[in-house]
Amino acid sequence: MKAHLLYPGRDFDFTAGLPAGHQDLIQDLELATLLRAMAAGDKFLAEVSAQVLLASLDDPDAIRYRQRVLADCLARPEVIRQMYAVAAGAVEDKRHLWGAYGGSYQNASSNLSGAVSHLEAYVARLRQLRQIADDHAGTFRSDGLTTLFAALQRDLDDAYLEEISDHLKQLRFRAGVLISAGLDRDNSGTDLVLSAPDQARRRWAERLGIGPRTTYSFTISPRDEAGGQILADLTSRGINLVANAAAQSADHIGSYFTMLRAELGFYVGCLNLADRLAAKGVPVAVPDPVPPSSLTFSCTDLRDTCLELASPGRVTGNDVQGDGKSLVIITGANSGGKSTFLRSVGVAQLMMQCGLSVTAQAYQANVTRGIFTHFIREEDTGMTSGRLDDELRRMGAIAGQITPGCLMLFNESFAGTNEREGSEIASQIVRALLDAQIKVFYVTHRFGFADRFRRQHAPATLFLRAERQPDGSRNYKLTVKDPLPTSFGEDLYYRLGGWLEEDKALTPATAAAAPDGELDLSSRVQLASEIAAGSPDQPGTR
């Protein structure tokens with residue numbers, strides 16, 4: 001039997017490992033927050049969720065297959081959790097039994113005994129699965145779950161389970177082991193054949209010594225260690241084949257439970273995430289994936305899922321229509337929501353391409369063959385390389401992995417040099433990516449870079465801008481506007497003692513230190529650092 005809950009025709013390869021560059025993806029998009037929500041404290045669920053989340057699907061039909069399974073899971077979460085508990089219990093049974101036998105089997109007899117014990121435990125778990133299928137099969141509609149329940153009911157009917165139980169009872173050989181053999185020229189045993197246990201039972205008259213004998217026997221003395229060892233060796237040779245067959249059967253059923261636990265585990269992680277988002281009242285939508293050949297991107301009230309999970313307050317969403325655009329450049333005020341929007345795009349794309357719902361009112365995008373990030377980093381504290389060297393090194397690693405049809409997310413990249421050089425480096429790299437049919441989202445404060453694409457590639461580029469309100473506040477909404485040749489230095493001017501009457505930005509502590517509105521040098525430097533770092537105006541937002 002197969003689970004086939006993640007793919008319609010094959011199992012998920014949980015041994016494949018995480019894709020290249022996954023560390024940067026997890027760090028830049030803050031995916032650890034998302035994975036913690038899916039795991040709900042369970043280490044196994046965290047591992048499974050990470051593997052499925054980062055192994056993006058690039059086939060819209062395969063994505064929709066998972067979406068339908070997830071819809072069934074969300075409609076009947078208690079059944080999915082019950083099935084997961086059965087599969088997890090079977091894996092735990094194997095661990096306990098393995099420990100009971102010391103972690104290994106010394107001979108054919110112990111091999112057979114261990115295999116039978118495993119099979120008996122598995123049969124009990126298979127009965128539980130069959131009962132769940134009988135009780136709830138009619139309430140599910142997705143291809144994945146209806147196929148699974150149909151297989152459980154078809155392949156695990158009562159007659160089959162009873163037959164298996166009878167075979168396992170016989171393999172205990174409580175009536176003794178009956179082995180036939182021939183004699184070789186040196187009187188050694190040859191051609192050993194294990195016979196059915198029923199043949200080892202003598203008739204009652206014969207056991208009472210009445211009537212003709214059908215078998216002859218002798219007794220080995222308890223002190224005859226050599227004879228006992230010879231008899232044990234004969235028994236092991238006789239049951240070796242059936243012991244191996246039982247062990248293979250136990251491994252096969254154990255593999256099924258391992259796969260079922262993993263595939264159900266992903267959907268249990270989805271249920272955990274849905275519970276967290278529902279508790280906060282976050283809008284959730286089933287995304288619409290389209291083929292990679294189409295440049296499609298549109299969203300309504302798109303929010304950063306990880307920020308929603310980490311922030312107790314309300315997170316602002318964005319509405320963007322970017323169909324037909326291969327490049328999206330985001331500029332504007334510091335702390336205006338640019339980086340948050342960029343992360344929301346990356347997280348939503350990953351969630352869509354693993355079959356999850358996204359935190360938005362609506363989301364439609366073409367699937368990509370991979371997602372890569374290049375975000376600004378803190379300067380190397382070990383001083384082994386400068387910031388620009390590190391940025392170029394990371395970009396070189398990405399260049400060796402990225403392929404046509406991928407998505408590239410830049411956040412304030414190549415800021416480790418001056419305006420002219422940084423703009424030139426960024427322009428050359430982005431043009432090369434676009435020529436390779438790679439979609440690019442770029443957050444930048446470099447006007448020269450943004451303006452170059454406005455003048456030379458405007459039809460294929462969408463320009464979004466984070467606004468600064470007249471009073472200096474931010475609404476965290478991005479609008480379709482061309483870049484401005486300013487870094488919003490007015491913010492610094494106002495907060496460093498500007499003379500405009502409407503400026504009220506001084507904090508109480510600063511005002512107390514400067515009763516006449518004049519700031520000393522240390523206060524000016526402190527405020528300048530706060531502005532440069534982009535102090536958030538909204539709790540939990542960036």
Inset, instruction - Decide yes or no on side-chain contact (heavy atoms from CB on, under 4.5 Å) for Leu273 and Leu309, but give the supporting numbers first. - result: CA-CA 9 Å; Leu273 176 62; Leu309 294 168; 3.9 Å; yes
Inset, instruction - Spell out, as yes or no, whether a donor-acceptor pair under 3.5 Å connects the side chain of Thr479 to the backbone of Lys481. - result: no
Inset, instruction - Might you work through the side-chain contact (heavy atoms from CB on, under 4.5 Å) test for Asp42 and Val268, ending with a clear yes or no? - result: CA-CA 11 Å; Asp42 188 308; Val268 170; over 6 Å; no
Legend entry - Modelled atom types, side-chain donor and acceptor of Glu391 and His374, under 3.5 Å: no
Legend entry - Ionic contact status for Arg81 with Asp275, cut-off 4.0 Å: yes
Legend entry - Heavy-atom neighbours of Lys2 NZ exceed 12 at 6.0 Å: no
Legend entry - Flag side-chain contact, heavy atom, 4.5 Å: Glu424 against Phe449: no
Legend entry - From CG (Asn272) to CG (Leu277), nearest 0.5 Å: 11.0 Å
Legend entry - Close side-chain approach of Phe266 to Met38, heavy-atom, < 4.5 Å: yes
Legend entry - Side-chain donor/acceptor of Glu30 to backbone N/O of Leu307, under 3.5 Å: no
Legend entry - Check against salt bridge (charged side-chain N to carboxylate O under 4.0 Å, His left out), Asp389 and Arg393: CA-CA 6 Å; Asp389 290 337; Arg393 177 187 57 78; over 6 Å; no
Inset, instruction - Answer yes when Arg64 and Asp59 have at least one side-chain N-carboxylate O distance shorter than 4.0 Å, and no when they do not. - result: no
Inset, instruction - Please determine, by modelled atom types, if Asp304 and Thr340 share a side-chain donor-acceptor pair under 3.5 angstrom. - result: no
Legend entry - N/O donor-acceptor pair under 3.5 Å between Thr147 side chain and Gly144 backbone: no
Inset, instruction - Working to the nearest 0.5 Å, report the span between CG of Asp301 and OG1 of Thr359. - result: 8.5 Å
Inset, instruction - Look at Asp93 together with Arg125 and state whether they make a salt bridge at an N to O cut-off of under 4.0 Å. - result: yes
Inset, instruction - Drop me the distance from Phe410's CZ to Leu327's CG, to the nearest 0.5 angstrom. - result: 10.0 Å
Inset, instruction - Measure the shortest side-chain to side-chain distance between Leu74 and Leu271 over non-hydrogen atoms and say whether it is less than 4.5 angstrom. - result: yes
Legend entry - Short side-chain to backbone donor-acceptor contact, Glu412 and Ile376, under 3.5 Å: no
Legend entry - Heavy-atom check, side chain of Leu302 versus side chain of Tyr363, under 4.5 Å: yes
Inset, instruction - Over all heavy atoms of both residues, which pair between Ala133 and Gln153 is shortest? Give the atoms and the distance, please. - result: O-NE2, 3.5 Å
Inset, instruction - Step by step, work out the side-chain contact (heavy atoms from CB on, under 4.5 Å) result for Cys73 and Leu145. - result: CA-CA 9 Å; Cys73 295; Leu145 283 167; 4.3 Å; yes
Legend entry - Where Pro287 and Ser357 come nearest, the two heavy atoms and their spacing: CD-CA, 3.9 Å
Legend entry - Pairing of Asp451 and Arg454 as salt bridge, 4.0 angstrom limit: yes
Legend entry - Value rounded to 0.5 Å, distance of OG1 in Thr300 from CD in Gln361: 7.5 Å
Legend entry - Contact check, side chains of His445 and Lys338, non-hydrogen atoms, under 4.5 Å: no
Legend entry - Distance in Å, Arg369 CZ paired with Ser56 OG, rounded so as to fall on 0.5 Å steps: 12.5 Å
Legend entry - Residue of the set Leu54, Leu407, Thr368 for which side-chain contact (heavy atoms from CB on, under 4.5 Å) holds with Gln353: Thr368
Legend entry - Evaluation steps, salt bridge (charged side-chain N to carboxylate O under 4.0 Å, His left out), between Arg377 and Asp28: CA-CA 9 Å; Arg377 294 273 196 273; Asp28 293 339; 2.5 Å; yes
Inset, instruction - Indicate yes or no for a side-chain donor-acceptor contact from Arg66 to the backbone of Leu57 under 3.5 Å, with no hydrogens or angles considered. - result: no
Inset, instruction - Look only at the side chain of Asp323 and the backbone of Thr296, and say whether a donor-acceptor pair between them is shorter than 3.5 Å. - result: no
Legend entry - Thr139-Arg76 side chain donor-acceptor pair, cut-off 3.5 Å: yes
Inset, instruction - List the atom of Pro292, the atom of Asn366, and the distance in Å for their closest heavy-atom pair. - result: O-ND2, 4.0 Å
Inset, instruction - Using atom types as modelled and distance alone, determine if a side-chain donor or acceptor of Arg474 lies under 3.5 Å from a backbone N or O of Asn334. - result: yes
Legend entry - Contact check, side chains of Arg343 and Phe375, non-hydrogen atoms, under 4.5 Å: yes
Legend entry - Side chain Ser326, main chain Leu434, donor-acceptor under 3.5 Å: no
Legend entry - Heavy-atom pair of closest approach, residues Val367 and Asp58: CG2-O, 3.4 Å
Inset, instruction - Evaluate the side-chain proximity of Tyr65 to Leu6: yes if any heavy-atom separation is below 4.5 Å, no if none is. - result: no
Legend entry - Smallest separation among heavy atoms of Thr417 and Gly422, with atom names: CG2-N, 3.4 Å
Inset, instruction - Please answer whether the main-chain N or O of Phe14 pairs with a side-chain N or O of Gln51 as donor and acceptor at a distance below 3.5 Å. - result: yes
Inset, instruction - Answer whether the closest heavy-atom distance between the side chains of Thr331 and Phe463 falls below 4.5 Å. - result: no
Inset, instruction - State the OG1-CD1 distance between Thr258 and Ile253, to the nearest 0.5 angstrom. - result: 12.0 Å
Legend entry - Test item: Lys280 side-chain N/O and Ser311 main-chain N/O as donor-acceptor pair under 3.5 Å: yes
Inset, instruction - Examine Arg261 relative to Phe44 and say whether NZ or CZ is less than 6.0 Å from the centre of the six-membered ring and inside a 45° cone about the ring axis. - result: yes
Legend entry - Residue that, paired with Arg465, satisfies side-chain contact (heavy atoms from CB on, under 4.5 Å) out of Leu484, Val480, Leu478: Leu484
Legend entry - Over all atoms of both residues, closest heavy-atom pair of Pro404 and Ile438: CA-CG1, 4.1 Å
Inset, instruction - Please assess Tyr267 against Asp72 for the test side-chain contact (heavy atoms from CB on, under 4.5 Å), listing each intermediate value before the final yes or no. - result: CA-CA 10 Å; Tyr267 290 104; Asp72 263 352; over 6 Å; no
